[in-house]
Protein chains: 2
Amino acid sequence: MTAEQRLRADAQRNVEGIRRAALDVFRTGGLATPLDEVARVAGVSKGTIYHRFGSRRGLIDAVVEELVAEQVREIIEAVEALDGPLVRFEEWLLRTWLLQFDEPAANDVLVRMLPESEPLTTLCDRAAKFGRRLLDDAQAAGVVRPDLTPEDLTCLILERGVIVRACTKQTRADYRRRLDFVLHGLRTPPGITAAGS
Amino acid sequence: MTAEQRLRADAQRNVEGIRRAALDVFRTGGLATPLDEVARVAGVSKGTIYHRFGSRRGLIDAVVEELVAEQVREIIEAVEALDGPLVRFEEWLLRTWLLQFDEPAANDVLVRMLPESEPLTTLCDRAAKFGRRLLDDAQAAGVVRPDLTPEDLTCLILERGVIVRACTKQTRADYRRRLDFVLHGLRTPPGITAAGS
DNA sequence: GCATTACTTGACTGCATCGTCAAGAAGCTA
DNA sequence: TAGCTTCTTGACGATGCAGTCAAGTAATGC
């Protein structure tokens, strides 16, 4: 970070303050929160944010990793520790959906707001790739409907994202209960014995 | 309509023109379309719309019946003609979801945008009441999961509403295919023999 | 301690939309 | 056709957020 070393002391302080404020504010309100709010919390003016980070996207790129990566990684690790293709598949989906409910910022990432942002896209792809592997395994075992595609999986997460954004009134318990209906709909229907060739 | 008879000839013409433009514009773009657009199509100024209909809501109230009631009624009639509680329940849900995809205005009504609007709420309640009856029948027959509540049903339609609004890129065929997953998830899971007491 | 340069500020422009209103246009009546 | 009344107009004010920049402030090096 030679570039950051060259900053004047006050600028250095501000960069840190803005980062911390952004983490705080985005964590609570999602990535769409007005930058005036971040500026207010950081105790600087909006101009300073633009001067330091170039743009709204620049600021998001600078904090998204710290904001979300950990949580996505945690889910992957927790699922890796489980046994059985169906359990693993469903637990991953379930935890992802709950993360979307609990963390507006994580949801914004998973919904691919700002598709131009590289660190954000990277995070997203990592999760998608893992999900795809679980889907493959579950379908190979014949426990998840064979006509479910990786795109369907992406869509299921995207859909959940717009739902949690729009239906802010529902309780977590209700949200959680309804997820079971969806999961149940993804299992191999009775009458089908195994996945296709 | 004595009140309308008293309008001056040009005003009369404009009211009609605005109504027709609103039907046209709302049908295509949903109830959130800017009134400037309606004004443009009607060939009047925005001021005239406000003068004649009082507010955006006033205009919507004046056309929503003609815009959506017919379609909701059609679905109910088509479903009434079917046999079997599961078929009826699923066909109603399916047709409602497809209506939401095909008609932005109908979707806006079902999603309860403008909860203050009386004709809009009436339409909505009519649909909900019918759905509830189908749910009762299907649960009594043991073909739909007994823990599905009428609120869940409302929620399923609401969810679909925000999804079609947000995911405008998906093809109708994909949307349709995925609905089957959801329907499947609402059926009685294996291992449960009949609905509760 | 002073000049220099880096940094910060907040008022400003731009955009999109809602809804209003004074002034002007047009229909209506005698 | 004159004069009254109704109706229409479009510029305007308000809102909320993004992003910019000239002018002011403060750290730094000598």
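So that the names make sense, note that chain A is the first sequence line, chain B the second, and so on, each numbered from 1. All of these numbers come straight from a predicted model, not from anything done at the bench.
Among the nucleotides dC7(C), dT28(D), dT8(D), the one closest to the side chain of N14(B) is dT8(D). The listed nucleotides are dC7(C), dC17(D), dG10(C); the one nearest the side chain of L7(A) is dC7(C). Considering only side-chain atoms of R56(A), the nucleotide from dT9(D), dA27(D), dA18(D) that sits closest is dA18(D). Comparing dG27(C), dA18(D), dC18(C) by their nearest atom to the side chain of D36(B) picks out dC18(C). Nearest nucleotide to the R52(B) side chain, out of dC18(C), dA6(C), dT8(D): dT8(D). With distances taken from any side-chain atom of S45(A) to the nucleotides dT9(C), dT20(C), dG27(C), the minimum falls on dT9(C). Taking only side-chain atoms of D10(A), from C-beta outward, the nucleotide of dC18(C), dA27(D), dT9(D) with the closest atom is dA27(D). For H51(B), counting side-chain heavy atoms from C-beta on, the closest listed nucleotide (dG19(D), dT8(D), dT6(D)) is dT8(D). When distances run from any side-chain atom of P34(A) to the nucleotides dT8(D), dA18(D), dT20(C), the shortest one goes to dA18(D).
For the residue pair N14(B) and T48(B), no side-chain donor N or O sits within less than 3.5 Å of a side-chain acceptor on the partner. For Q139(B) and R145(B), the side-chain atoms include no donor-acceptor pair closer than 3.5 Å. Counted by atom type alone, T122(B) and D125(B) present zero donor-acceptor pairs between their side chains at under 3.5 Å.
For R13(B) and dA25(C), the CZ to C1' distance is 13 Å, given to the nearest whole Å. To the nearest angstrom, P of dT20(D) lies 16 Å from CZ of F53(A). Protein atom CD1 of I18(B) is 10 Å distant from nucleotide atom C1' of dT8(D), rounded to whole Å.
Between the side chain of K46(B) and the base of dG10(D), no donor-acceptor pair under 3.5 Å is found.
An OP1 or OP2 oxygen of dG19(D) is reached within less than 4.0 angstrom by a side-chain nitrogen or oxygen of Y50(A).
Counting all heavy atoms, side chain and backbone alike, T154(B) lies closest to R112(B) at CG2-NH1, 4.3 Å.
The side-chain heavy atoms of W97(B) and D102(B), taken from C-beta on, include no pair separated by under 4.5 Å.
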